[in-house]
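Here is the structure we will look at, set down as structure tokens.
Chain A is the first sequence line, chain B the second, and so forth, proteins listed ahead of strands; every chain is numbered from 1.
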Amino acid sequence: MQFESSLINLILDALKIITPDVKIKPEDIIISSSEDPSRGDFSTNCALKLSKLFSLPPMDLGQKIVDIVLSKKPAFLDSVKLVSPGFINLFLSAKAFQGKLLEFLENSKDYLSPNIGNGKKVLLEFLSANPTGPLTIAHGRHAACGDTLANILKAAGYKVTREYYYNDSGRQMDILGSSLHVRYLQLLGERKRMFKEGYSGYYLQEIARKMIEKHRKAYSKEKNLSIFTRFAEKEILKDIKEVLSLFRIKFGSWIKETRFTRGAKVKKLLAYLKEKEETYEKDGALWFKSTKYNDAKDRVLVKSTGELTYLVPDLAYHKFKYERGYDRIITILGPDHHGYIQRLMAGIKAMGLDDTKFTTKILQVVSLYRGKKKLRMSTRAGEFVTLRKVIDEVGVDAAHFFLCMRGMDAPLDFDLELAKKESAENPVYYIQYAHARICSVFKFARQKGFAIDKLKNINLGIINRKEEIELLKKILGYSGVIKRGAEVLETQGLTAYLLELASLFHQYYNKYRFITDDDDITKARLLLAQAVRIILSHGLKLLGIKSLKKM
RNA sequence: GCGCCUGUAGCUCAAUUGGAUAGAGCGCUUGGCUACGGACCAGGAGGCUGGGAGUUCAAAUCUUCCCAGGCGCGCCA
């Protein structure tokens with residue numbers, strides 16, 4: 001069991017003694033680890049928070065809690081101190097920490113995975129780039145963050161499905177097909193110019209070349225351009241999947257929009273909304289009363305031409321998400337979609353679905369720099385650095401780390417030149433180096449006759465130096481980081497934590513030796529290093545980064 | 001104009017979601033390699049958290065008004 005749980009129970013018991021009839025839940029007691037040693041190992045603000053409920057001044061309530069806790073003298077506590085304005089600082093014994101190290105090594109799973117998910121099913125939709133061009137660095141951020149978030153959720157005990165939804169029809173896809181058509185005819189020698197809205201990127205020329213290789217002139221007189229759309233879609237998706245595979249990311253589910261544009265599903269959905277009086281007709285179009293659900297304005301569902309708007313298949317898609325029985329449905333969207341969320345939410349409510357299961361996260365933009373120069377990006381104009389190129393330049397590991405390093409709602413500056421120039425001092429190398437260093441220590445230890453997996457009769461009482469306790473505290477804090485990441489749906493807590501852990505390890509390494517003349521000390525310290533290694537490796541894996549034995 | 005996001009050290013960003021003295025990295029600067037890997041470590045300088053008012057034991061965090069930047073506001077997708 002984690003220290004926090006034991007401490008919460010301790011406080012709860014004390015509160016029960018003070019006033020038996022006041023009901024306090026474990027969630028009401030917040031135990032936080034202290035960064036300043038003078039404030040103990042952990043502290044709680046419960047006396048401040050609960051002072052009104054108990055109608056006692058914080059210091060008085062705090063004193064009562066402290067008195068009761070002290071009277072019990074639990075073995076793992078050294079001392080308890082009340083500090084103005086009402087914080088209670090808890091000092092744990094070194095022995096308590098030593099015991100946890102042993103527990104960690106014997107059953108590390110419990111300390112790596114907080115299990116707040118309880119096997120609940122989560123659908124995480126992310127990336128969902130339409131197949132109109134190669135993936136860019138912005139897509140890379142969606143891919144890296146989404147994937148790591150899925151890993152964190154899984155580590156926290158959820159069952160996660162990664163889903164990719166894309167448009168394979170509609171105006172943009174038509175333009176894509178027409179653009180390929182132009183390139184195709186150009187390559188066959190026709191004098192034809194790319195139209196204004198067309199996709200003029202180089203990749204369509206390559207795809208046109210492939211089409212000629214495969215079909216020669218067969219489609220030179222073709223009037224139905226959907227042949228071209230399908231061909232482009234297929235090639236671009238192939239490229240996207242290839243890059244994702246390079247980027248070590250795998251989706252469990254790929255969903256096409258056309259699945260929801262045809263057949264009975266749409267008719268049924270529209271009929272349902274009509275019956276529930278969520279719609280009305282105006283100017284020959286069918287409107288959705290989304291303002292009923294806090295949308296800024298009502299939205300068209302069926303255009304006066306009889307065509308569907310984007311919203312309709314998307315609503316059908318979200319209904320499909322619910323039909324598959326997920327407990328939570330999370331979608332990561334780009335900032336250009338934030339205006340869309342309200343109407344989607346409105347639709348979910350109008351369809352009678354449980355909107356509390358549904359969460360959207362907006363992932364902010366990435367600006368790519370080469371030194372001071374900002375690189376402009378436009379898929380249509382074909383001006384961009386592809387994700388593939390970025391991976392080539394800075395490597396998969398560094399790319400993953402940098403893209404997961406910032407909060408989702410903070411815009412990210414990604415400087416290629418800096419990433420290359422600094423590659424020797426990259427944070428990701430700093431962490432990987434800590435891991436490699438530990439492996440190297442183990443190798444040396446083995447030569448001296450200490451095999452890490454065969455250590456027995458360890459006297460962990462030797463682990464009692466300030467730096468060692470600090471490392472242990474950090475180690476034990478890992479599952480809390482995972483828990484929090486799963487709660488707030490962020491990746492950057494994990495990257496920050498791993499940097500801190502690596503830093504503590506490097507500090508320790510520089511100050512103390514692992515292999516010493518004293519066998520007991522050697523063994524105990526090797527076990528400490530092993531715990532650090534297990535966490536580094538686990539955390540890096542969640543980030544899609546390799547743990548290296550040698551660098 | 002309306003809506004969303006952002007504003008913290010020279011730069012890029014944190015801050016246990018309202019906690020105690022606001023922290024890292026880069027850059028700048030002073031030091032440290034005859035033992036497990038120097039891709040490392042120890043120290044220093046650098047702040048009115050964009051500005052004002054409010055809420056309370058406690059505000060970078062919440063409310064409100066300004067200022068600055070980004071994005072969105074189609075019978076596009």
Atom pairs under 3.5 Å: protein N/O with N/O of nucleotides 11-13 of chain B:
unit_1	atom_1	unit_2	atom_2	d
B:U12	O2'	A:Arg406	NH2	3.3
B:C13	OP1	A:Pro411	O	2.8
B:C13	O2'	A:Arg406	NH1	2.3

Contacts table for residues 46-63 of chain A: side-chain donor-acceptor under 3.5 angstrom, sequence neighbours left out:
unit_1	atom_1	unit_2	atom_2	d
A:Gln63	NE2	A:Asp67	OD1	3.0

Looking at side-chain heavy atoms only, is the closest gap between A:Ile175 and A:Phe195 below 4.5 Å?
-> yes
Can you tell if the side chain of A:Leu237 reaches within under 4.5 Å of the side chain of A:Asp168, non-hydrogen atoms only?
-> no
Spacing between A:Glu500 atom CD and B:U16 atom P, to the nearest angstrom = 12 Å
What distance, rounded to whole Å, do you find between the two C1' atoms, one in B:A9 and one in B:G50?
-> 15 Å
Over how many whole Å does the gap from A:Glu35 atom CD to B:U21 atom P extend?
-> 11 Å
cation_pi(A:Lys100, A:Phe3) dist<6.0 Å, angle<=45 = yes
Which pairs, with at least one residue in residues 332-344 of chain A and sequence neighbours excluded, count as a side chain to side chain donor-acceptor pair (under 3.5 Å)?
-> A:Asp314-A:Tyr340
Drop me the distance from A:Phe97's CZ to A:Leu471's CG, to the nearest 0.5 angstrom.
-> 12.0 Å
Partners of A:Glu490 by salt bridge (charged side-chain N to carboxylate O under 4.0 Å, His left out), sequence neighbours excluded?
-> A:Lys361
Check: A:Arg513 main-chain N/O paired with A:Arg525 side-chain donor or acceptor under 3.5 Å | yes
Roughly, in whole Å, what's the span from CG in A:Leu504 to C1' in B:A24?
-> 12 Å
Determine, for A:Phe87 and A:Lys81, whether the Lys NZ or Arg CZ falls below 6.0 Å from the six-membered ring centre while staying within 45 degrees of the axis.
-> no
Residues in contact with RNA chain B, drawn from residues 516-528 of chain A - heavy-atom cutoff 4.0 Å | none
Quick one: salt bridge (charged side-chain N to carboxylate O under 4.0 Å, His left out) partners of A:Lys511, sequence neighbours excluded?
-> A:Glu467
With a 3.5 Å cut-off and no angle check, do the side chains of A:Asp36 and A:Ser38 form a donor-acceptor pair?
-> yes
For A:Leu344 and B:C4, give me the distance from atom CG to atom C1', rounded to whole Å.
-> 16 Å
B:C13 versus B:C76 - spacing of their P atoms, nearest Å = 37 Å
For A:Asn89, report the nucleic acid contact type (base, sugar-phosphate, nothing); a contact means any heavy atom under 4.0 Å.
-> base
Base, sugar-phosphate alone, or nothing: which one does A:Lys49 contact when heavy atoms must sit under 4.0 Å apart?
-> base
Please give the nucleotide sitting opposite B:A14 as a Watson-Crick or G-U wobble pair, both distances under 3.5 Å, or none.
-> none
With sequence neighbours left out, the residues meeting salt bridge (charged side-chain N to carboxylate O under 4.0 Å, His left out) with A:Asp41 are A:Lys473
B:C26 and B:C71, which share atom name P, separated by this distance in whole Å = 31 Å
Could you check which of B:U16, B:G37, B:C41 has an atom nearest any side-chain atom of A:Asn510?
-> B:C41
Rounded distance in Å between the P positions of B:C48 and B:U61 | 16 Å
Between A:Ala502 and A:Phe514, the residue closer to the 5' end of RNA chain B by nearest nucleotide is A:Phe514
Just checking A:Ser51: base, sugar-phosphate only, or nothing, at a heavy-atom cut-off of under 4.0 Å?
-> nothing
Check the pair A:Ser547 / A:Gln432 against side-chain contact (heavy atoms from CB on, under 4.5 Å), numbers first and verdict last.
-> CA-CA 6 Å; A:Ser547 304; A:Gln432 285 177 315; over 6 Å; no
What integer number of Å spans the C1' atoms of B:C36 and B:A45?
-> 35 Å
So, A:Lys523 and A:Asp519, do they make that salt bridge, N to O below 4.0 Å?
-> no
Decide whether A:Glu257 and A:Tyr166 meet the rule of one side-chain donor and one side-chain acceptor closer than 3.5 Å.
-> no
Span that lies between the C1' atom of B:C62 and that of B:U55, in whole angstrom | 8 Å
4.5 Å side-chain heavy-atom contact, A:Met408 and A:Leu149 = yes
Looking at residues 56-66 of chain A, who's got a heavy atom less than 4.0 Å off RNA chain B?
-> none
Mind checking salt bridge (charged side-chain N to carboxylate O under 4.0 Å, His left out) for A:Glu35 and listing every partner two or more places apart, or none if nothing turns up?
-> A:Arg39
Give me the residues of residues 435-449 of chain A where at least one heavy atom lies under 4.0 Å from an atom of RNA chain B, by number, or none.
-> A:Ala436, A:Arg437, A:Ser440, A:Val441, A:Phe444
Starting at atom CZ of A:Arg513, determine the distance to atom C1' of B:C40, rounded to an integer number of angstrom.
-> 15 Å
Would you mind pulling out the nucleotide paired to B:G3, Watson-Crick or G-U wobble, both distances under 3.5 Å?
-> B:C71
With syn meaning chi within 90° of zero and anything else anti, the base of B:U63 is anti
Would you indicate what A:Tyr508 reaches in the nucleic acid, counting non-hydrogen atoms under 4.0 angstrom: base, sugar-phosphate, or nothing?
-> nothing
Heavy-atom nearest nucleotide on RNA chain B taken for A:Ser503 and for A:Glu490; more 5' hit belongs to A:Glu490
At under 4.0 Å between heavy atoms, what does A:Asn45 touch on the DNA or RNA strands: base, sugar-phosphate, or nothing?
-> base
Measure from OH on A:Tyr430 to C1' on B:C26 and round the result to the nearest Å.
-> 14 Å
When rounded to whole Å, the CD1 to P distance for the pair A:Ile431 and B:G37 reads 20 Å
Paired nucleotide for B:U56 [Watson-Crick or G-U wobble; both distances under 3.5 Å] = none
With heavy atoms under 4.0 Å as the rule, sort A:Ser43 into base, sugar-phosphate or nothing.
-> base
Measure from CZ on A:Phe87 to P on B:G19 and round the result to the nearest Å.
-> 9 Å
Can you tell me how far C1' in B:U64 sits from the matching atom in B:C73, rounded to whole Å?
-> 25 Å
Do nucleotides 70-77 of chain B as a string where each nucleotide becomes B, S or -: B if the base has a protein heavy atom under 4.0 Å, S if just the sugar-phosphate does, - if no protein is that close.
-> -BSSSBSB
Looking at A:Tyr280, does the NZ or CZ of A:Lys289 lie under 6.0 angstrom from its six-membered ring centre and within 45 degrees of the ring axis?
-> no
Select one nucleotide: of B:A15, B:G37, B:C41, the one nearest the side-chain heavy atoms of A:His506.
-> B:C41
Same-atom distance (C1') from B:A35 to B:U30, integer angstrom = 27 Å
Under 3.5 Å, sequence neighbours excluded: what are the donor-acceptor pairs made by side chains of residues 492-500 of chain A?
unit_1	atom_1	unit_2	atom_2	d
A:Thr495	OG1	A:Gln492	O	2.9
A:Tyr497	OH	A:Lys474	O	2.6
A:Glu500	OE1	A:Lys474	NZ	2.6

